[in-house]
Amino acid sequence: DSGSVVPYPSLVAQSESTQRNTSKSGSASTAAMGTSSSSSSSASALIISACDKAGMEGIDRTRVDEIIMRESAGSVYMKQQQKRDQNVNVKIDELKQKLAAKDYSMASINSNATSWRRAGEHALEPIIDELVQSRPRRSTCVVVDMDGFYISCELLSRPPELGNLPCCVGGNMITTSNYVARRYGVRAAMPGWIGDKLVEELSNGKERLIHIPSNFDLYTRKAHIIRGALAEYDPNLRAYSLDEAYLDIGPYVDLRVGRGWSHERVVATLASTSKHSCEDKEHVDEEVGNEEEFIHCNVDISAIAAVVKEMREKVKVATGGLTCSAGLASNFMLAKIASDQNKPNGQKVVGPSHKEVLEFVHPLSVRKVPGIGRVMEKMLNAFDIHIVHDLYKERALVQFLFKPASARFLLRASLGWSNDSLDPSAPEDDEVGSSSSASGQKGISKERTFSAGKSWEELNSKLEDVCRSLSQSMVEKNIKAHTITLKVKLHTFDVITRAKTMPRGIVLQNADQMIVEMTEMLLNVKRQHKGTFSVRLLGVRCSNFQGDEERSQDSGQMDISKFISTCSPIRASHNSLVHSTGTTKMTSRIEKKVDFAQKGAQTDAQVKNTDISSFFSKEKGWNKVEEFETAQVLDSGTNSTHALHSVDPGNVSSVPASR
DNA sequence: TACATACAC
DNA sequence: TATGGTGTATGTA
């Protein structure tokens, strides 16, 4: 922990400056201290969506922001956002204090306040080496992202002239806008009336935003068609959402380009091997034998790109004209980022070499990294970290400032290979007796927003509706849960949650049962909030599913298993690929698929080669690094690095093939 | 386990 | 007038 934080004069002053901003945020005065005006002026950046969405380059952001701010001014929602913003400011100040304390203490030891960073960088070297070395060597990861999916689906069946007008899906809340609307700043998650204002004012009254009601059946149908087309290239693709899919086309490319097979022949081969692979590993292993010689032909990257292009064309044809964009890279984080670069209807390739990867990611805003949102962006900015290169440059600082998981994630991001932060909720066909807990889903929930100020009876009625709806879904999916959570959003947008785990032997699925629990809980919440209990949303969530118990109880391997579980199966498969090519043992693509199919991925002991979590685990982690720094600074000893090195392998090699 | 946050689509 | 729903992960107590 940060230990005792010494309140230095300058820091106190800075804290106060933040407090002062509470009164009026938005365009409040810039932070008082010269250190690095962290908080205030970027307040709006957190409140307004600062991220440049595809199709919004070069628009008049100041006018857009101005209109949004004007329209939102004084709303309860905006007050809530400002509160959140202030909380982030406080966090930033705390981090700055922590840093100042560190610099101070290290300076007292060494007189050079920044030498600890160099020591930290040194300690990170082996970890970085390991990561860079185990990086996948081919760019066969593809992220396919439909262009303005919902709105494009809608426009498909309407007069083409509509496409030239600003359109969106959604009424009160916009879910997607077309590229014409985006040029007016109209985007997903924006309230409808603000979209209206933007179009009206920025077109000088010449245009109006057209709203089209959403039709999820349509999008779902189209999504299935899309997946069908894509699955020819990777039968094990991951559909992350209706409009996004993650593929590894390595196997396809090897056969199609490497061996010169016809598309049809490749598709047939891939399909036959993949389906069995889910259940019948041994069978697949046998087939692997046949494929032994074929591993990884050196396929030119432009040939891979051509395959992607062809694939996108097939999607377009299959859907009757929907376009998509794609990113092609050596891992899914890069592919995801790349998929956005040439939107709409474009693709981007990132080569696999370390150099190419860094040239691609380092100039990007940190916000482009999937997993870095508005809050993290703001915190990083406060420390003058704006682009990914800064993230790398300041890696020691980052390791010091953030908690292990975040630090680890950020380090990897700075090298262009972060966790993919995708947890595929495996939407596709649920196979035989999948009790759906087998799908890896962790929770299920329903929530409903309504106008605040309902009577107590009305509230309870709403709550019952939500319970029944949730119960129905759980019955359909054959889910039984142990824990139930009530979510209440007050008219102030403050959110309260209350959870209860049922006594042993009692499971939740039945609606009446849930209603009993939830109404009691709601009553308690109401009592705790005497007087002011105006509610705008009620939600119920069930988690802790029955049948998930026996799955994860390998106590000894907490660190590893945790890493693996946060590591998307997709990437797990890549790790194994890399590992196998890195050593002499050749693992075939088929086996890779097996990994891929094992959504739990618990067994993949090979992941160890890229696991850095153990370097940062409780005893051996950053604390160790800190020890090292201290030693380094004190007597410039060097053997601690050694210790850091040797910590891992023994611990890791005993990862059981659990299951 | 309980609660709050951040993040993604 | 007025800002969604579903799901996961992480941190802290």
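A, B, ... follow the sequence lines: proteins, then strands. Residue 1 opens every chain. The figures here come from the full heavy-atom set of this structure, side chains too, leaving out hydrogens, waters and symmetry mates.
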Answer with base, sugar-phosphate or nothing: what part of the nucleic acid does [X] contact at a heavy-atom distance below 4.0 Å?
X        : value
A:Lys197 : nothing
A:Ser445 : sugar-phosphate
A:Arg448 : sugar-phosphate
A:Leu242 : nothing
A:Lys79  : nothing
A:Asn544 : sugar-phosphate
A:Asp243 : sugar-phosphate

Can you find a side chain N or O atom of [X] that sits less than 4.0 Å from OP1 or OP2 on [N]?
X        : N      : result
A:Arg536 : C:dA2  : no
A:Lys403 : C:dT12 : yes
A:Lys500 : B:dA2  : no

If you only use heavy atoms from C-beta on, which nucleotide in [options] is closest to the side chain of [X]?
X        : options              : value
A:Ala405 : C:dT10, C:dT6, B:dA6 : C:dT10
A:Thr497 : C:dG11, B:dA4, C:dA9 : B:dA4
A:Thr483 : B:dA2, C:dG4, B:dC9  : B:dA2
A:Ser75  : C:dT3, B:dC7, C:dT8  : C:dT3
A:Tyr240 : C:dT8, C:dG5, B:dA8  : B:dA8
A:Lys446 : C:dT6, B:dC9, C:dG4  : C:dT6
A:Lys91  : C:dG4, C:dT3, B:dA6  : B:dA6
A:Thr449 : C:dG4, B:dC3, C:dT3  : C:dG4
A:Gln441 : C:dG4, C:dT8, B:dC9  : C:dT8

Basic-acidic side-chain contact under 4.0 Å: A:Lys446, A:Asp465: no
Check ion pair A:Asp147-A:Lys343 (N to O, under 4.0 angstrom): yes
Canonical and wobble pairing (Watson-Crick, G-U, under 3.5 Å) of DNA chain C, dot-bracket with |: ....|||||||||
Whole-Å C1' distance, C:dG4 and B:dC7: 15 Å
Modelled atom types, side-chain donor and acceptor of A:Lys442 and A:Asn544, under 3.5 Å: no
A:Ser543 and A:Thr483: side chain donor to acceptor below 3.5 Å: no
Rounded to the Å, how far apart are [X] [atom1] and [N] [atom2]?
X        : N      : atom1 : atom2 : result
A:Arg367 : B:dC7  : CZ    : C1'   : 9 Å
A:Met376 : C:dG11 : CE    : P     : 9 Å
A:Lys477 : C:dT6  : NZ    : C1'   : 9 Å
A:Arg84  : B:dA4  : CZ    : C1'   : 12 Å
A:Asp494 : B:dC3  : CG    : C1'   : 14 Å
A:Glu71  : C:dA2  : CD    : C1'   : 10 Å
A:Arg374 : B:dC9  : CZ    : C1'   : 14 Å
A:Arg541 : B:dA4  : CZ    : C1'   : 13 Å

Neighbour count >12 (heavy atoms, 6.0 Å) for atom CG, A:Asn524: yes
A:Asp340 vs A:Lys348, salt bridge (Lys or Arg N to Asp or Glu O under 4.0 Å): CA-CA, chis, key distance, verdict: CA-CA 8 Å; A:Asp340 203 52; A:Lys348 162 87 185 170; over 6 Å; no
Of A:Ser241 and A:Thr501, the one whose closest DNA chain B nucleotide lies more 5': A:Thr501
Toward the 5' end of DNA chain B, by each residue's nearest nucleotide, A:Ala499 or A:Asp145: A:Ala499
Whether A:Trp193 stacks on the six-membered ring of C:dA2 base, 5.5 Å and 30° limits: yes
Along DNA chain C (nearest heavy atom to each residue), the more 5'-positioned of A:Ser406 and A:Leu537: A:Leu537
Base C:dT3 paired with A:Ser72 side chain (donor-acceptor, <3.5 Å): yes
Geometric cation-pi criterion, A:Lys96 with A:Phe383: 6.0 Å, 45°: yes
Any side-chain heavy-atom pair of A:Leu459 and A:Phe533 under 4.5 Å: yes
Test item: A:Arg498 and A:Gln528 side chains (from C-beta on) under 4.5 Å apart, heavy atoms: yes
Ring centers of A:Tyr150, A:Phe216 separated by less than 6.0 Å: yes
